[in-house]
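Have a look at the structure below before the remarks.
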Amino acid sequence: QVQLVESGGGLVQAGGSLRLSCAATGNIFSVNAMGWYRQAPGKQRELVATITSGGRTSYADSVKGRFTISRDNAKNTAYLRMNSLKPEDTDVYYCYAVVRPIGTTVLSNYWGQGTQVTVSS
């Protein structure tokens, strides 16, 4: 069984910073891409940032230059450093990982439980 455990959300003032973590645990053979989506109530889920196992990154235009995604492959953990936060960054952030579990040849998507990020003006 594979699980993603998120941490690091919270309340911060505009201009502040937060760092989210996402650890993939369980019967893992390999982890491919990891990243974060965010979603506010009543809105579509938005892709925020992704990182491949080789370290290639991509970002939503709305966060480029402010957010940085990184990962520690030895720990199957991804990080999202969020700087210069704005009130419009307020959302629930969900991490995801594309994982090949032990004993399979199939890649599957797994999701974290979500963490609330609130940016006050």
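In this chain, residues are counted from 1 in sequence order. FYI, side chains are in, hydrogens and waters are out, and symmetry mates aren't considered; it's all heavy atoms of this structure. Just so we're clear, the structure is a prediction, and the values are computed from it rather than from any experiment.
Using modelled atom types, one side-chain atom of D91 and one backbone atom of A40 make a donor-acceptor pair closer than 3.5 Å.
In the hydrophobic clustering of ILVMFWY residues, with side-chain heavy atoms under 4.5 Å counting as a link, Y94 and V63 come out apart. Grouping the Ile, Leu, Val, Met, Phe, Trp and Tyr side chains by contacts below 4.5 angstrom, directly or via other members, places V92 apart from V48.
Side chains of R71 and C22 form no contact here, defined as non-hydrogen atoms less than 4.5 Å apart. Within the 4.5 Å cutoff, side-chain heavy atoms of T68 are placed close to those of Y59. At a threshold of 4.5 Å between non-hydrogen side-chain atoms, the residues Y110 and P101 count as touching. A 4.5 Å side-chain heavy-atom check between M82 and V12 finds every atom pair outside the cut-off. Residues S7 and V5 form no side-chain contact, since every pair of their non-hydrogen atoms from C-beta on lies 4.5 Å or further apart.
Listed here is the closest heavy atom pair of V31 and A24: CG2-CB, 4.5 Å. Contact detail for G9 and V117: the closest heavy-atom pair is CA-CG2, 4.2 Å. Nearest approach of L4 to Q113, heavy atoms of both residues: O-OE1, 3.6 Å. Residues G114 and E6 share a closest heavy-atom pair of N-OE2, 2.7 Å. V119 and T90 make their closest contact through N-OG1, 2.9 Å (heavy atoms, listed as atom of the first residue, atom of the second, distance). In terms of heavy atoms, M34 sits closest to A97 at CG-CB, 4.0 Å.
Rounding to the nearest 0.5 angstrom, the gap separating the CG atom in N32 from the CG atom in L107 is 5.0 Å. Expressed to the nearest 0.5 Å, how far CG of N27 lies from CD of Q1 amounts to 8.5 Å. To the nearest 0.5 Å, atoms SG (C95) and CG (L80) are separated by 10.0 Å. Note that CD of Q13 is 11.5 Å distant from CG of L85, once rounded to the nearest 0.5 Å. Atoms CD1 and CZ, from I69 and R81 in turn, are 14.5 Å apart once rounded to the nearest 0.5 Å.
The side chain to side chain donor-acceptor pair (under 3.5 Å) pairs that include a residue from residues 39-48 are R38-E46, Q39-R45, E46-S62, where partners are two or more places apart or lie in different chains. Applying the ring-ring contact (aromatic ring centres under 6.0 Å, His included) test to pairs two or more places apart or on separate chains, those with a residue in residues 17-53 are Y37-Y96, Y37-W111.
When the side-chain hydrogen bond (donor to acceptor under 3.5 Å, both in side chains) test is applied to T25, no partner is found at least two apart in sequence or on another chain.
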Salt bridge (Lys or Arg N to Asp or Glu O under 4.0 Å) assessment of K64 paired with D61:
CA-CA 5 Å; K64 281 181 182 176; D61 288 342; 3.1 Å; yes
Where do S17 and N83 land on the side chain to side chain donor-acceptor pair (under 3.5 Å) test, with the steps shown first?
-> CA-CA 4 Å; S17 298; N83 295 329; 2.9 Å; yes
